[in-house]
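Beneath this line is the structure, given in structure tokens, with notes to follow.
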Amino acid sequence: MWRNHAAMILGRIISNSSFNSSTLPIASFLVKPRFNFDNLTHQIKYFSAYPRFDFGSIREPNDAVALFREMVRTQPRPYVTVFNKLLSVVVKMKQYSLGLHLFDEMLKRNAPVNHYTLSIAIDGCCRLKRPDFGFAILGIFFKRGYEPDVVTFNILIKGLLLVGRIPEAAKVLGKLSAFHLCEPNEYTYNTIINGLCKAGDILQAIELLCLLEKGKGSCKQPDVYAYNIVIDALCKEGKVDEALQLFSTLGDKGISPNIVTYNSIVDGLCNHRREDEAEDIFKKMIVCPDVVTCNIC
DNA sequence: ATAGGGTTAG
């Protein structure tokens, strides 16, 4: 939908003005290769007793399993970061069950595990819509003497929101400070703002946003992510004027809209037959890179 | 020392 809108608006702009594409600089030609010490690092790695594993070659789940088997029988055993990297690759492939299976194998085989590993595993549970399993893994933290941090709790809160357990997510947020578990950060609040919006409760999301703007919630001012979430939700709800209103206040708040902000606004306007306004916004958007371009020249 | 979390669209 957005591509069609963008193409249409671009067509309008190009037919109304004269852009000169020949002035675009090719900055990379100006950058001469220089000596750097990366080669040295590479040599150290090359001669290291610890084998490298090529995670870039993983194309399908079976590749990950093969690499995992190789890793568990390699001596000396690869670092915990290497296992974490593999788990993370599997989760990014959306192979959550496989990721949890490998995590289970790691525990059984006494492979190295730390709080990163546990957080990745909890993320896998949450994405499978089983935050309860995630909380079970939280138990392993305490059993092994690791401390969950704000990232761990953000993952769990997101997991609860994903299955619509909003009151429990709010309860967890409250306990973070009450039990001195960790200090919520911008990720925490943005996760909750997003959860509220996706559940259709934009009003409560805006309420939280305003609370944060007033400096409550012991958090920094809301960032561009927070505003993007609410602006997009308003647009999708058909409240495009409210979205525009919020959008127009960003400058005063010291927030630079980014490509996501513009995409949501332009899409919202076009979906309500307000192409002229979309075109104005679109023009403002493409002025920004021109400034950088001129500086390079 | 190849590690974990938040936004749109496709």
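Chain identifiers are assigned alphabetically (A, B, ...) following the order of the sequence lines, protein sequences preceding nucleic acid strands; residue numbering begins at 1 within each chain.
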query = Does A/Thr117 offer a backbone N or O that forms a donor-acceptor pair with the side chain of A/Asn114 under 3.5 Å?
reply = yes

message = Once rounded to the nearest 0.5 Å, what's the spacing between atom CG of A/Leu176 and atom OG1 of A/Thr188?
response = 7.0 Å

key: Atom pair CG (A/Asn84) and CD1 (A/Ile120), whose distance is rounded to the nearest 0.5 Å   = 4.5 Å

Spacing between [X] atom [atom1] and [N] atom [atom2], to the nearest angstrom:
X: A/Glu186; N: B/dT7; atom1: CD; atom2: C1'; result: 14 Å
X: A/Leu100; N: B/dG4; atom1: CG; atom2: C1'; result: 14 Å
X: A/Ile259; N: B/dT7; atom1: CD1; atom2: P; result: 17 Å
X: A/Asn114; N: B/dT2; atom1: CG; atom2: C1'; result: 14 Å
X: A/Asp267; N: B/dT8; atom1: CG; atom2: P; result: 12 Å
X: A/Phe53; N: B/dA1; atom1: CZ; atom2: P; result: 17 Å
X: A/Ile122; N: B/dA3; atom1: CD1; atom2: C1'; result: 15 Å
X: A/Leu156; N: B/dG4; atom1: CG; atom2: C1'; result: 12 Å

Examine [N]: is either OP1 or OP2 under 4.0 Å from a nitrogen or oxygen in the side chain of [X]? Give yes or no.
X: A/Lys198; N: B/dT8; value: yes
X: A/Asn263; N: B/dA9; value: no
X: A/Lys85; N: B/dG4; value: no
X: A/Lys236; N: B/dA9; value: yes

query = Given B/dT2, B/dT7, B/dG4, which nucleotide is nearest the side-chain atoms of A/Val260?
reply = B/dT7

Minimum-distance nucleotide (side-chain atoms of A/Asn228 versus B/dT7, B/dG4, B/dA3) = B/dT7

query = Is A/Asp232 side chain donor-acceptor paired with the B/dT8 base, going by distance under 3.5 Å alone?
reply = no

task = Verify the stacking flag for A/Tyr79 against B/dA1: centroid separation must be under 5.5 angstrom and the ring planes must differ by under 30 degrees.
result = no

request  = Answer yes or no: is there a side-chain heavy-atom contact under 4.5 Å between A/Cys125 and A/Phe103?
outcome  = no

task = Indicate, with a heavy-atom threshold strictly under 4.0 Å, whether A/Thr117 touches base, sugar-phosphate, or nothing.
result = nothing

remark   = Contact check, residues 55-71 of chain A vs DNA chain B, heavy-atom distance under 4.0 Å, returns A/Phe55

message = Can you confirm whether the side chains of A/Thr261 and A/Asn258 place a donor and an acceptor under 3.5 Å from each other?
response = yes

key: Residues which pass ring pair (Phe, Tyr, Trp, His ring centres under 6.0 Å) with A/Tyr79, listed by chain and number, not counting sequence neighbours   = A/Tyr50

inquiry  = Could you go through A/Asp123 and A/Arg127, starting from their C-alpha distance and side-chain angles, then the distance that decides it, and tell me whether this counts as salt bridge (charged side-chain N to carboxylate O under 4.0 Å, His left out)?
reply    = CA-CA 6 Å; A/Asp123 193 33; A/Arg127 288 174 194 268; 3.0 Å; yes

